[in-house]
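Taking it in order: structure first as structure tokens, then the write-up.
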Amino acid sequence: MSDTWHAYGVELHSRFLLGTALYPSPHIMQQAVQASGAEVVTVSLRRQSPASGGGNRIWECIRELNLRLLPNTAGCHSAAEAITLAKMSREIFDTHWIKLEVIGDDYNLQPDAFELVAAARDLVADGFAVFPYCTDDLVLCQRLLDVGCEVLMPWGAPIGTGQGLINPYALETLRARLPDVPLIVDAGLGVPSHAAAAMELGCSAVLLNTAVARAADPVAMARGFRAGVEAGRHAWLAGAMPRRQTAAPSTPVLGTPFWQQGQAHD
């Protein structure tokens with residue numbers, strides 16, 4: 001796309017971030033990421049385990065992509081656990097970027113707001129660029145900004161549900177109240193139209209994994225999401241027509257149609 005955006009001072013052109021887990025094979029993962037046009041991919045220390053030689057093939061494929069890495073703290077349930085994993089990820093993946101996940105409920109994988117803010121505060125103080133996975137609650141998002149986060153990652157729906165945007169109003173509110181903050185909708189998107197809807201609300205980018213990785217054809221689905229993100233972004237920039245309760249004709253009805261003007265003289 002022609003317009004760029006920034007995350008912690010880094011200029012990015014793609015507004016589609018993609019995860020690297022759950023694919024049928026490392027080769028298909030690599031092809032899907034390339035088809036997506038993503039410049040940033042998420043990685044998990046617990047899945048890839050590059051330091052111990054675990055998942056060597058997938059880690060080689062990720063490195064071959066030569067993209068910016070966004071390690072995550074998936075699976076953590078406390079601030080202390082997330083902070084420890086973040087520090088390990090910084091050493092192993094050689095990046096101070098971290099996608100901060102602190103899960104408070106194992107049923108819907110909802111973030112623990114209290115532990116999330118506590119972890120974010122300590123990680124920011126330690127020099128991390130924190131990308132917090134959070135709910136779409138305005139107050140929580142404000143607290144994360146207060147402790148030094150510069151990017152927010154509100155969910156569209158619980159991880160892996162494919163429900164799309166379950167609360168567009170909340171995302172609209174975040175965009176209106178926090179107009180200068182990069183908002184990356186993370187989790188719950190199932191089809192490209194969900195990504196388009198998020199971008200049409202003015203969100204900065206989307207991040208997903210399962211919808212592409214678990215598709216019958218991950219490469220084709222990655223292309224579809226890329227197109228959806230771009231379509232939604234163009235719609236936001238263009239300015240969508242206002243919603244109306246009544247019909248309005250698209251063809252003017254006032255005056256005489258031009259094709260009838262000549263018939264009056266026949």
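By convention here, the first residue in the shown sequence is residue 1.
Between Leu22 and Arg214, the closest side-chain pair of non-hydrogen atoms falls below 4.5 Å. Val181 has its side chain out of reach of Val151: every pair of non-hydrogen atoms, C-beta onward, lies at least 4.5 Å apart. With a 4.5 Å cut-off on side-chain heavy atoms, Leu116 and Cys134 count as touching. Side-chain contact between Arg175 and Leu171 is absent, with no heavy-atom pair separated by less than 4.5 Å. Side-chain contact check for Arg63 versus Leu69: every heavy-atom pair is 4.5 Å or farther apart. The side-chain heavy atoms of Thr42 and Pro71, taken from C-beta on, include no pair separated by under 4.5 Å. Within the 4.5 Å cutoff, no side-chain heavy atoms of Val102 are placed close to those of Pro111. Tyr23 places a side-chain heavy atom less than 4.5 Å from the side chain of Val212.
Under the 4.5 Å side-chain heavy-atom criterion for ILVMFWY residues, no single connected hydrophobic cluster contains both Val206 and Ile159. There is a path of hydrophobic side-chain contacts, each under 4.5 Å, that joins Val229 to Met221. Residues Trp5 and Val10 share a hydrophobic cluster, clusters being chains of Ile/Leu/Val/Met/Phe/Trp/Tyr side chains in contact below 4.5 Å. Leu207 and Ile103 fall into different hydrophobic clusters, where Ile, Leu, Val, Met, Phe, Trp and Tyr are joined by side-chain heavy atoms under 4.5 Å apart, directly or via other members.
Although no hydrogens or angles enter the test, the distance criterion places a donor-acceptor pair under 3.5 Å between the side chain of Tyr8 and the main chain of Val130. Counting only distance, with no hydrogens or angles, the side chain of Trp97 and the backbone of Arg68 share no donor-acceptor pair below 3.5 Å. In terms of modelled atom types and a separation under 3.5 Å, the side chain of Ser89 and the main chain of Leu85 share a donor-acceptor contact. Panel note: side chain Thr73, backbone Glu101; a donor-acceptor pair is recorded below 3.5 Å. A distance-only check finds no donor-acceptor pair linking the side chain of Glu150 to the backbone of Ala7 [under 3.5 Å]. No donor-acceptor distance shorter than 3.5 angstrom exists from the side chain of Arg223 to the backbone of Ser36, with no hydrogens or angles considered. Side-chain N or O atoms of Arg15 include one that pairs as donor or acceptor with a backbone N or O of Thr4 at under 3.5 Å.
Residue pairs that meet the side chain to side chain donor-acceptor pair (under 3.5 Å) test with at least one member in residues 104-121, sequence neighbours left out, are His77-Asp106, Asn108-Gln110. Sorted pairs that involve residues 133-170 and meet ring-ring contact (aromatic ring centres under 6.0 Å, His included), not counting sequence neighbours, are lacking altogether.
Of all heavy-atom pairs spanning Cys141 and Leu174, the tightest one is SG-CD2, 3.9 Å. Looking at every heavy atom in both residues, His6 comes nearest to Pro182 through O-CG, 3.5 Å. Minimum heavy-atom separation, Leu138 to Arg177: CD2-NH1, 3.4 Å. Closest approach of Val147 and Ala120 over heavy atoms only: CG2-CB, 4.0 Å. Contact detail for Ala113 and Leu140: the closest heavy-atom pair is CB-CD1, 3.8 Å. The shortest non-hydrogen separation linking Val33 to Val41 is CG1-CG1, 3.6 Å.
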*asked:* For a side-chain contact (heavy atoms from CB on, under 4.5 Å) check, start with the C-alpha distance between Leu67 and Val40, then their side-chain angles and the critical distance, and finish with the verdict.
replied: CA-CA 6 Å; Leu67 300 175; Val40 179; over 6 Å; no
_Step-by-step side-chain contact (heavy atoms from CB on, under 4.5 Å) determination, Asn209 to Leu18_ = CA-CA 6 Å; Asn209 189 168; Leu18 190 58; 5.5 Å; no
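Going from atom CG of Asn72 over to atom CZ of Phe131 covers 12.5 Å, rounded to the nearest 0.5 Å. Of the inter-residue distances, the one linking Glu39 atom CD with Phe16 atom CZ reads 12.5 Å to the nearest 0.5 angstrom. Between the CZ atom in Arg90 and the CG atom in Leu123 there is a gap of 8.0 Å [rounded to 0.5 Å].
Heavy-atom contacts from other residues, nucleotides or ligands closer than 6.0 Å to NE2 of His27 number 12 or fewer.
Salt-bridge formation is not detected for the pair Glu91/Lys87: no Lys NZ or Arg NE/NH1/NH2 atom is positioned less than 4.0 Å from an Asp or Glu carboxylate oxygen.
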Side-chain donor-acceptor pairs under 3.5 Å in residues 183-204, sequence neighbours left out?
| unit_1 | atom_1 | unit_2 | atom_2 | d |
| --- | --- | --- | --- | --- |
| Asp186 | OD2 | Lys99 | NZ | 2.9 |
| His194 | ND1 | Gly190 | N | 2.9 |
| His194 | ND1 | Val191 | N | 3.3 |
| Ser204 | OG | Leu183 | N | 3.1 |

